[in-house]
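Working notes, structure below.
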There are 2 protein chains.
Amino acid sequence: MKNITPKLIKLLKEGYCTPQIAKIAKKIKEPSTTIHYYIKKLEKESAIKTYKAVFNYGKINEGFCAYLFIKLTSKAGADPDKLLGELSRYEEVESADILAGEWDIILKIRTKNQDEYYRVLKNILAQEGVEKTTFFHFTETS
Amino acid sequence: MKNITPKLIKLLKEGYCTPQIAKIAKKIKEPSTTIHYYIKKLEKESAIKTYKAVFNYGKINEGFCAYLFIKLTSKAGADPDKLLGELSRYEEVESADILAGEWDIILKIRTKNQDEYYRVLKNILAQEGVEKTTFFHFTETS
DNA sequence: CATATTATTGAATAATATTCGAATAATATT
DNA sequence: AATATTATTCGAATATTATTCAATAATATG
């Protein structure tokens with residue numbers, strides 16, 4: 001038995017999806033070529049970045065989710081984008097954004113459970129430039 | 001000139017997208033019917049909820065983004081799901097989750113700018129059951 | 001107001017998803 | 001271990017859908 005499901009999920013998290021022009025056309029009651037025209041326009045001006053699957057994370061072994069706030073050392077504070085790029089590379093990091101105020105960066109992290117989360121957290125804390133962190137978590141059931 | 005772009009964006013935020021089976025098949029080097037089989041399986045067991053567009057929010061007039069933490073009154077604390085349902089109905093609320101710990105609920109809110117955000121915040125604070133809030137925000141450019 | 005650019009759409013075509021069926025493989029049952 | 005049942009794999013046929021193209025209309029620009 002081939003087990004391509006993990007590969008599949010990985011791809012569908014990144015993209016590999018596309019708009020359903022015919023369905024949208026029917027819904028808005030416009031010709032599908034018109035819908036096509038507008039969608040391509042949004043894509044061209046990169047207002048639309050990609051199309052992705054939305055999962056029931058509890059069912060794909062990523063039921064634990066945490067928002068991790070990071071404060072940078074004053075040295076790293078000069079270039080938070082660089083650290084952001086590195087943190088985005090973790091496959092468990094779903095999103096990474098630069099905040100205004102008390103905390104510098106917020107990460108959204110998904111793992112199987114809290115233990116796995118702490119494993120990831122340990123690696124993040126080891127990153128050059130990270131001064132301190134705090135987090136808020138929740139669990140997706142079903 | 002028709003302006004169907006706002007309608008289009010609204011639909012693509014909810015769903016109205018679909019996986020690209022042929023592209024995935026080529027990438028994983030498996031027959032497209034096999035990919036189809038696995039995707040339908042994931043959909044049937046509702047591991048995949050839907051497929052959505054990912055936007056460059058700065059370009060669709062939603063450049064301001066905030067994570068809003070909510071603490072419930074002891075009365076509302078008994079049934080946070082109910083409030084969660086109500087808060088999810090705001091079109092500016094992108095996600096709503098129930099936290100463990102100090103704060104009860106986290107909302108991700110997207111608006112055009114900070115003024116618009118405060119308008120939404122005012123409505124949320126007026127909701128029965130909300131005791132206090134705090135938030136962290138950022139801006140998506142380009 | 002003349003011209004250029006952008007928007008709109010039907011018809012034709014190309015690409016893609018889906019269904020079907022049959023073969024095989026995995027798993028469960030006696 | 002034999003048999004039955006269920007799940008997987010995948011090619012061929014079909015149904016749907018996206019895309020291209022070309023013609024027209026609307027709008028913007030000088």
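Below, chain A is the first sequence line, B the second, and so on; all start at residue 1.
Out of dC10(D), dA17(C), dA18(D), the shortest distance to the side chain of Gln20(A) is found at dA18(D). Closest to the side chain of Glu30(B), from the set dC10(D), dT18(C), dA18(D), is dC10(D). When each of dT17(D), dG10(C), dT19(C) is scored by its nearest atom to the side-chain atoms of Ala22(A), the top-ranked nucleotide is dT17(D).
Contacts of Lys41(B) with the nucleic acid, taken as non-hydrogen atoms under 4.0 Å apart, involve only primed sugar atoms and P, OP1 or OP2. Within the 4.0 angstrom heavy-atom criterion, no nucleotide atom of any strand lies near Lys23(A).
Following rounding to the nearest Å, Lys29(B) (NZ) and dC10(D) (P) show an atom-to-atom distance of 15 Å. What separates CD of Glu45(A) from P of dT6(C) is a distance of 12 Å, to the nearest Å. The distance between atom NZ of Lys44(B) and atom C1' of dT8(D), rounded to the nearest whole Å, is 13 Å. Ile24(B) has its CD1 atom 12 Å from the C1' atom of dT16(C), to the nearest Å. dT8(D) atom P lies 14 Å from atom CD1 of Ile35(B), rounded to whole Å. With rounding to whole Å, Ile28(B) atom CD1 is found 15 Å from dC10(D) atom C1'. One interatomic measurement links the two molecules: CD1 of Ile4(A) to P of dT9(D), which rounds to 6 Å at whole-angstrom precision. Spacing between atom NZ of Lys40(A) and atom C1' of dT8(C) amounts to 17 Å, rounded to whole angstrom units.
Donor-acceptor pairing under 3.5 Å is lacking for the side chains of Lys49(A) and Asn56(B).
For Tyr37(A), a side-chain nitrogen or oxygen approaches OP1 or OP2 of dA7(C) to under 4.0 Å. In this structure, His36(B) reaches the dT18(C) phosphate: one of its side-chain N or O atoms is under 4.0 Å from OP1 or OP2. Close to dC10(D), at under 4.0 Å from its OP1 or OP2, lies a side-chain N or O of Thr34(B). A sub-4.0 Å separation between OP1 or OP2 of dT9(D) and a side-chain N or O of Tyr38(B) is present.
dT5(D) and dA26(C) make up a base pair, with Watson-Crick or G-U wobble contacts both under 3.5 Å.
In this structure, NZ on Lys132(A) lies 4.5 Å from CH2 on Trp103(A), to the nearest 0.5 angstrom.
Map Asn3(A) and Thr18(B) each onto its nearest nucleotide of DNA chain D; the residue landing nearer the 5' end is Asn3(A).
Ring orientation note: the planes of Phe69(A) and Phe69(B) are tilted relative to one another, at an angle of 30° to 60°.
Ion pairing of Glu43(A) with Lys40(A) is present here, as a side-chain N (NZ or NE/NH1/NH2) and a carboxylate O approach within less than 4.0 Å.
Tested against Arg110(B) for a side chain to side chain donor-acceptor pair (under 3.5 Å), the candidates Glu92(B), Glu62(B), Glu116(B), Glu140(B) yield a single pass: Glu140(B).
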